Amino acid sequence: MDWNMFVKYILIHYRWVFVVLFLLPLSAVYDVYYYARSWVIFKLNSAPKQHAKKVENVQNQVRAWRRRGERNHMCTARPGWQTISFREPRYKRSFTNVHIDLVDVLEIDTKKRSVRCEPLVSMGQLTATLIDLGWTLPVVPEMDDLTVGGMVMGTGIETSSHKAGLFQHICLSFELVLADGSLITCSEHDNPELFYSVPWSYGTLGFLTAVEIKIIPAKRFVRVEYEPCHSKEQLLEQFSAAAKQDEGNQFVEALCFSRDKAVLMTCNMTNSAEPGKVNNIGRWYKPWFFKHVENFLVSGHDVEYIPLRHYYHRHTRSIFWELQDIIPFGNNPIFRYVLGWLVPPKVSLLKLTQGKAIKELYENNHFIQDMLVPLAVLGDALDCFHKEVQIYPIWLCPFILPSRPGMLKQVSSEGSLYVDIGTYGVPHVKNFHPVETTRRVEKFVREAKGFQMLYADSYMTREEFREMFDHTLYDKLRLTLPGTTKAFPEVYDKINRNARI
């Protein structure tokens, strides 16, 4: 018997044993600690007093790097396994690591309608704090563990993005430590070129130390209207109409369960609910949201009311639908009632405990991508994904791309509607190859004047990457900000496949 093959088989097919017995309890302890710490710090009002001292510590580390002769690039010291990306960054091993211990909500200004927080504040932490006070963000990216800094330096999207734009479009100002150790604040009115260049820059212009974000009044529930679609044509027509509707439809998304079957969801916040129609979908014993949605293909059109925070994190418990590949019986009612309160395992801990066999499995048999394309080419894009990977469900989320300077080229000077096509799982085509398949999809997206979310594997060349993203302002800032090219690599050098393990 080949012992290595046996071990590989066990690790791949029975990984759920380790996840259920060890990672789920460990994840629960991790969550309790950070939520409790955030609550105590905010109540004691100590975070604003400590912020300046913590920023000064970042500045001192940058100045120490300069005194040592600027021998290599810098990056944050945050461990690679803690990020939401499937991969770990290779460059952290050779770059100077700068410790950024900035994890606190600093201030909520209800008169100005803004919240100021540090970059390592998570979406789960921020929504828990804001909703308790009657406020929320115009855009709340789905996963609890996504951080404010990640949403700024990368990007963030949610089902309200067809009204509010991407996460970067609800940000009012950024505070950064630059390559020379100086501290700067930028907004649309102060240092606007830097303000527009920070999103999608992946920490290659400076270290983010604080973000000011818009807030809006929160309501108790989200009224969700489910509309099953039984043809691609019906989906395209109704999805486009819902995204373009001026009044109402605060949230719009669709889940495609096959080439011809999907469920469209149009939603609005409300303070009241019809009797018997409240669905606390975030409770541990409830079915996974995507499985719940799939039922409407059979039962037909319906309406229900979901508590606001449950709605914001409706896909979190099942990590969209990725958890079904890790714990195959995770949506079983018995499992949900007994251990569902421990779900989901932390994505960062899943990544930390991946062995070589698991990494090889994901490398060769998994496809995780969010591709952003103009709404006008959604039909062609769905055909492309069906041909190349045949992964279902597919997440569709519309967003408006305002006409602003920065990395994203608009197809219209007045702003245009795009759609995020989220594809996560095991391909069901015979000719899947991670490199060739991804490159064909990337080519389609480039030619459609779309964009690739950069947390995922990117196999584009530097030239192709620059074709997809507008580097005009970014290049100017790297040359004019003192010491930037010595301190930080280009974005491409941090996100391309060879830069990740």
Side-chain angles (χ1 to χ4, degrees), residues 136-142 155-170 214 216 222-257 259-270 289-290 293 296-297 301-303 306 311-312 314-315 320 369-385 393-404 408-423 444-445 448-453:
T136 187
L137 302 179
V139 176
V140 180
E142 167 67 36
T155 193
I157 190 171
E158 234 325 302
T159 52
S160 56
S161 288
H162 65 297
K163 302 283 191 184
L166 298 172
F167 192 85
Q168 68 199 62
H169 300 125
I170 67 168
K214 296 177 186 176
I216 58 174
V222 174
R223 180 186 185 274
V224 184
E225 186 170 355
Y226 301 92
E227 184 64 51
C229 301
H230 296 284
S231 71
K232 176 184 166 186
E233 292 71 25
Q234 181 189 4
L235 169 66
L236 294 177
E237 179 183 352
Q238 295 188 355
F239 183 82
S240 179
K244 293 176 180 178
Q245 185 172 311
D246 291 332
E247 298 297 326
N249 288 358
Q250 288 177 290
F251 310 97
V252 174
E253 73 176 316
L255 296 185
C256 300
F257 293 95
R259 196 170 193 176
D260 301 310
K261 293 187 182 298
V263 177
L264 171 66
M265 287 157 277
T266 53
C267 320
N268 290 282
M269 282 195 288
T270 178
F289 184 69
F290 77 96
V293 172
F296 293 102
L297 289 171
H301 175 274
D302 206 348
V303 171
I306 299 177
Y311 175 81
Y312 280 150
R314 63 203 176 282
H315 292 296
F320 280 84
Q369 293 287 343
D370 279 89
M371 296 294 188
L372 316 179
V373 300
L375 182 59
V377 303
L378 175 57
D380 293 337
L382 290 175
D383 289 341
C384 173
F385 278 92
I394 290 176
W395 188 54
L396 301 181
C397 180
F399 70 97
I400 186 75
L401 184 60
S403 180
R404 292 183 178 182
L408 303 185
K409 303 175 184 177
Q410 293 87 358
V411 296
S412 168
S413 60
E414 298 179 356
S416 302
L417 275 172
Y418 283 67
V419 58
D420 176 7
I421 303 175
T423 313
F444 171 86
V445 174
K449 307 301 181 185
F451 315 99
Q452 179 183 33
M453 282 200 186

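In what follows, every heavy atom counts, from backbone to side chain, and hydrogens, waters and symmetry copies are set aside. Not measured: the values here are computed from a predicted model.
Applying the ring pair (Phe, Tyr, Trp, His ring centres under 6.0 Å) rule to Phe399 yields the partners Tyr418; only residues at least two apart in sequence or on another chain are considered. In this view, Glu225 and Arg223 satisfy the salt bridge (Lys or Arg N to Asp or Glu O under 4.0 Å) rule, not counting sequence neighbours. In this structure, the salt bridge (Lys or Arg N to Asp or Glu O under 4.0 Å) partners of Glu142, at least two apart in sequence or on a different chain, are Arg314. Partners of Thr159 according to the side-chain hydrogen bond (donor to acceptor under 3.5 Å, both in side chains) rule, which considers only residues two or more places apart in sequence or in another chain, are Tyr311. With sequence neighbours left out, Pro393 forms a side-chain contact (heavy atoms from CB on, under 4.5 Å) with Phe257, Phe290, Trp321.
In this structure, OG in Ser416 is found 13.0 Å from NZ in Lys449, a value given to the nearest 0.5 Å. Atoms CG and OG, from Leu264 and Ser240 in turn, are 11.0 Å apart once rounded to the nearest 0.5 Å. Note that the SG atom of Cys229 and the CG atom of Leu236 stand 9.0 Å from one another [nearest 0.5 Å]. How far NZ of Lys261 is from SG of Cys256: 12.5 Å, rounded to the nearest 0.5 Å. With rounding to the nearest 0.5 Å, the separation of OG in Ser161 from CZ in Phe251 is 10.0 Å.
The shortest non-hydrogen separation linking Pro398 to Val252 is CD-O, 3.2 Å. Of all the heavy atoms in Asn249 and Asn268, the pair that sits closest is N-OD1, 2.9 Å. The two residues His162 and Gln250 make their nearest non-hydrogen contact at CE1-O, 3.3 Å. Closest approach of Leu297 to His230, counting heavy atoms only: O-CE1, 3.3 Å. Here the shortest heavy-atom pairing between His301 and Pro228 reads N-CD, 3.7 Å. Heavy atoms only, all atoms of each residue included: Ala254 and Leu235 are closest at CB-CD1, 4.0 Å.
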Show me the donor-acceptor pairs within less than 3.5 Å that the side chains of residues 369-385 make with the rest of the protein, sequence neighbours left out.
residue: Gln369; atom: OE1; partner: Gln452; partner atom: NE2; Å: 2.9
residue: Gln369; atom: NE2; partner: Asp457; partner atom: O; Å: 2.8
residue: Asp370; atom: OD1; partner: Tyr424; partner atom: OH; Å: 3.2
residue: Asp370; atom: OD1; partner: Tyr455; partner atom: OH; Å: 2.4
residue: Asp370; atom: OD2; partner: Tyr424; partner atom: OH; Å: 2.8
residue: Asp383; atom: OD1; partner: Lys232; partner atom: NZ; Å: 2.7
residue: Asp383; atom: OD1; partner: Arg259; partner atom: NH2; Å: 3.4
residue: Asp383; atom: OD2; partner: Lys232; partner atom: NZ; Å: 2.9

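Although no hydrogens or angles enter the test, the distance criterion places no donor-acceptor pair under 3.5 Å between the side chain of Lys163 and the main chain of Pro138. A distance-only check finds a donor-acceptor pair linking the side chain of Ser231 to the backbone of Gln234 [under 3.5 Å]. When atom types are taken as modelled, the side chain of Gln245 and the backbone of Ala241 share no donor-acceptor pair closer than 3.5 angstrom.
Side-chain atoms of Phe451 and Leu401, non-hydrogen and from C-beta on, do get closer than 4.5 Å to each other. Contact of the Leu408 side chain with the Leu166 side chain is registered, since non-hydrogen atoms from C-beta on lie closer than 4.5 Å. With a 4.5 Å cut-off on side-chain heavy atoms, Trp395 and Ile421 do not count as touching. Side-chain contact between Phe167 and Glu158 is absent, with no heavy-atom pair separated by less than 4.5 Å.
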- Message: Using side chain to side chain contact (heavy atoms under 4.5 Å, CB included), reason through Val222 and Thr270 one step at a time and then give a plain yes or no.
- Response: CA-CA 6 Å; Val222 174; Thr270 178; over 6 Å; no
- Derivation and outcome, side chain to side chain contact (heavy atoms under 4.5 Å, CB included), residues Phe239 and Leu396: CA-CA 9 Å; Phe239 183 82; Leu396 301 181; 3.9 Å; yes
- Query: Where do Glu227 and Val263 land on the side chain to side chain contact (heavy atoms under 4.5 Å, CB included) test, with the steps shown first?
  - Reply: CA-CA 6 Å; Glu227 184 64 51; Val263 177; over 6 Å; no
- Task: In sequence, state the C-alpha distance, the side-chain angles, and the governing distance for Ile157 and Met453, and then conclude on side chain to side chain contact (heavy atoms under 4.5 Å, CB included).
- Result: CA-CA 10 Å; Ile157 190 171; Met453 282 200 186; 3.6 Å; yes
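Counting heavy-atom neighbours within 6.0 Å of Glu237 CD, excluding the residue itself, gives a total of 12 or less.
Note on ring orientation: taking the six-membered ring where Trp is involved, the planes of Tyr226 and Phe289 are tilted (angle from 30° to 60°).
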